[in-house]
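Okay, so here's the structure we're looking at.
Keep in mind that what you see is a predicted model, and the values were worked out from it rather than measured. Throughout, residue positions are numbered sequentially from 1 according to the sequence presented.
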Amino acid sequence: MQKKNSNAYEKKEDTRFAVTEPAELMAFLLQKFPSKNRNNIKSLLRDKQVLVNDKITFQFNHPLEVNDAVRVRWTKAPAEKQYEGIKIVFEDEHLIVIEKEEGILSMATEKEKRKTAYSLLSEHVKKQNPKNKIFIIHRLDRETSGLMMFAKSETVQKKMQESWQSTTKERVYLAVINGSPKKTEDTITSYLVESEKSMMVYSTQNAERGQKAVTHYETVQQNRYFSMLKVSLETGRKNQVRVHLQSIGHPIVGDKKYGSNSNPINRLALHAWVLAFQHPITKEQMHFETAIPTKFASLMNR
């Protein structure tokens with residue numbers, strides 16, 4: 001029997017294309033590789049196998065221009081070392097996006113200085129060059145898991161922080177709460193103030209006392225005990241999601257600090273799920289989405 005010719009996808013050599021008309025990367029690759037689906041292409045992007053103009057590209061909606069060079073590597077790049085408690089999901093010369101596990105601090109405190117997201121990433125960039133530094137852009141509570149972003153220079157940090165409201169397109173959390181809210185979707189608006197004595201954040205309608213906070217939520221799944229909410233932030237105040245959900249009588253599962261009496265999964269059921277923003281240097285639209293934590297799914301299957 002005559003052996004069939006191997007197609008482009010089976011070859012170990014890189015496959016290269018010249019772009020002849022503007023297109024988004026996903027549409028371009030699906031056209032070039034009709035036997036592959038969107039998930040196949042996303043896997044190639046995730047595994048650093050797609051390069052545009054010799055630069056590794058992660059974004060499926062990356063805009064291609066005429067004369068751009070697209071290269072697909074059919075051999076996976078060597079896996080980068082991951083660190084206990086964090087997973088690097090994106091890195092270029094300007095930014096690092098990570099997925100943080102619950103229990104890991106964003107930054108050092110007086111009690112914990114070594115095992116923090118900041119210290120682990122500082123160690124990571126110094127391996128590339130001892131002069132490298134890392135700069136935090138936004139924080140997550142220790143008990144919250146999910147997506148966080150760091151800058152590799154003070155300039156990029158400043159650009160991101162100063163334009164945060166306009167350049168951050170999505171900042172979405174998943175929260176599992178006790179019971180079911182009266183409204184399946186709603187917007188919570190109040191003013192948040194922190195007590196110096198208790199270190200607790202409180203919600204008030206007095207505009208003179210606190211900072212304005214706006215939280216949008218919608219129920220995505222519920223059972224007789226719990227509800228899973230998709231929570232979108234319009235503002236980013238300390239403990240905002242936790243305080244706002246407590247204020248409607250449905251604290252987050254495992255959040256003893258803000259009124260929860262149950263902790264069936266031994267963690268705070270709050271996860272930074274989606275992060276989308278405009279890259280401060282390249283101006284690309286970046287979009288990252290993590291998997292739903294398995295412990296959250298287990299609560300909803302009860």
Side-chain angles (χ1 to χ4, degrees), residues 82-89 97-121 136 138-149 171-181 188 192 194-195 198-203 215 217-233 236-275 288-302:
Q82 297 296 337
Y83 300 89
E84 186 179 354
I86 66 170
K87 176 184 177 183
I88 297 171
V89 297
V97 178
I98 67 164
E99 183 176 354
K100 181 184 83 70
E101 293 179 6
E102 78 278 7
I104 300 293
L105 282 165
S106 298
M107 294 281 288
T109 64
E110 289 184 6
K111 292 182 179 179
E112 177 63 73
K113 298 185 186 298
R114 296 183 64 188
K115 192 182 174 184
T116 67
Y118 178 89
S119 65
L120 292 169
L121 288 179
I136 194 163
H138 66 106
R139 305 179 188 211
L140 291 179
D141 293 340
R142 182 177 198 151
E143 302 91 342
T144 304
S145 58
L147 293 165
M148 282 186 70
M149 180 167 36
R171 196 173 171 198
V172 182
Y173 287 76
L174 285 177
V176 181
I177 60 171
N178 293 281
S180 301
I188 307 168
L192 301 186
E194 183 174 5
S195 165
S198 66
M199 303 302 290
M200 296 270 287
V201 177
Y202 297 92
S203 177
T215 303
Y217 76 83
E218 60 180 279
T219 306
V220 294
Q221 194 177 350
Q222 59 188 162
N223 58 30
R224 60 188 293 191
Y225 306 109
F226 308 106
S227 299
M228 184 185 292
L229 307 183
K230 174 184 173 183
V231 183
S232 303
L233 298 187
R237 309 301 183 197
K238 181 179 179 181
N239 292 172
Q240 178 175 326
V241 179
R242 299 168 67 178
V243 177
H244 269 174
L245 293 178
Q246 178 201 36
S247 75
I248 63 169
H250 295 279
I252 297 171
V253 168
D255 197 357
K256 184 179 179 181
K257 183 176 181 180
Y258 289 106
S260 176
N261 295 317
S262 66
N263 190 9
I265 56 174
N266 296 314
R267 63 157 292 184
L268 176 71
L270 183 62
H271 179 75
W273 183 37
V274 175
L275 180 63
F288 301 96
E289 183 176 321
T290 63
I292 297 173
T294 54
K295 286 185 176 181
F296 290 20
S298 71
L299 280 178
M300 303 315 301
N301 290 331
R302 295 191 176 199

Reported [atom1]-to-[atom2] distance for the pair [X] and [Y], which is rounded to 0.5 angstrom:
| X | Y | atom1 | atom2 | value |
| --- | --- | --- | --- | --- |
| Gln221 | Met300 | CD | CE | 4.5 Å |
| Tyr202 | Gln246 | OH | CD | 8.5 Å |
| Ile98 | Ile104 | CD1 | CD1 | 9.0 Å |

Looking at residues at least two apart in the chain, or sitting in another chain, which of them share a side-chain hydrogen bond (donor to acceptor under 3.5 Å, both in side chains) with [X]?
| X | result |
| --- | --- |
| Thr144 | none |
| Arg171 | His138, Tyr173 |
| Tyr217 | none |
| His250 | none |

With sequence neighbours excluded, residues passing side chain to side chain contact (heavy atoms under 4.5 Å, CB included) with Ala175: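 Testing Ala175 for side chain to side chain contact (heavy atoms under 4.5 Å, CB included), a comparison that skips the adjacent residues, returns Val231, Leu245, Ile252, Leu270.
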
Tell me, please, which residues at least two apart from Thr294 pass side chain to side chain contact (heavy atoms under 4.5 Å, CB included).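 For Thr294, no residue satisfies side chain to side chain contact (heavy atoms under 4.5 Å, CB included) once neighbours in sequence are set aside.
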
If a pair satisfies salt bridge (charged side-chain N to carboxylate O under 4.0 Å, His left out) and one of its residues is in residues 239-259, list it, with sequence neighbours excluded.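 For residues 239-259, and leaving out neighbouring residues, the salt bridge (charged side-chain N to carboxylate O under 4.0 Å, His left out) pairs sorted by first residue read Asp141-Arg242, Glu143-Arg242, Arg242-Asp255.
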
Tell me which pairs pass salt bridge (charged side-chain N to carboxylate O under 4.0 Å, His left out) where either residue lies in residues 219-228, with sequence neighbours left out.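 For residues 219-228: none.
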
What heavy-atom pair brings Asn223 and Tyr225 nearest, and what distance separates the two atoms?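 Smallest interatomic distance, heavy atoms only, reads OD1-N, 2.9 Å.
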
Which atom names give the shortest non-hydrogen contact between Met148 and Ile136, and what distance separates them?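 Shortest heavy-atom separation between Met148 and Ile136 comes out as CE-CD1, 3.9 Å.
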
By salt bridge (charged side-chain N to carboxylate O under 4.0 Å, His left out), which residues pair with Glu194, not counting sequence neighbours?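 Testing Glu194 for salt bridge (charged side-chain N to carboxylate O under 4.0 Å, His left out), a comparison that skips the adjacent residues, returns Lys238.
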
List for me each residue that meets salt bridge (charged side-chain N to carboxylate O under 4.0 Å, His left out) alongside Glu99, sequence neighbours excluded, and say none if there are none.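 In terms of salt bridge (charged side-chain N to carboxylate O under 4.0 Å, His left out), with neighbours along the sequence ignored, Glu99 is linked to no residue.
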
Indicate yes or no: at least one non-hydrogen side-chain atom of [X] is less than 4.5 angstrom from one of [Y].
| X | Y | answer |
| --- | --- | --- |
| Gln240 | Val201 | no |
| Leu174 | Leu229 | no |
| Lys230 | Val274 | no |
| Leu105 | Tyr118 | no |
| Pro264 | Phe226 | yes |
| Leu121 | Ile88 | yes |
| Ser180 | Thr219 | no |

Side chain to side chain donor-acceptor pair (under 3.5 Å): pairs with one or both residues in residues 258-271, sequence neighbours excluded: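 Found Glu102-Arg267, Ser145-Arg267, Ser145-His271, Asn178-Ser260, Asn178-Ser262, Asn239-Tyr258, His271-Thr290.
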
Please check this pair: side chain of Ser106 against backbone of Leu140, looking for a donor-acceptor N/O pair closer than 3.5 Å.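 Checking the backbone N and O of Leu140 against the side chain of Ser106, a donor-acceptor pair under 3.5 Å is found.
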
For Phe288, ring pair (Phe, Tyr, Trp, His ring centres under 6.0 Å) partners two or more places apart: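 Ring pair (Phe, Tyr, Trp, His ring centres under 6.0 Å) list for Phe288, sorted by chain: Phe90.
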
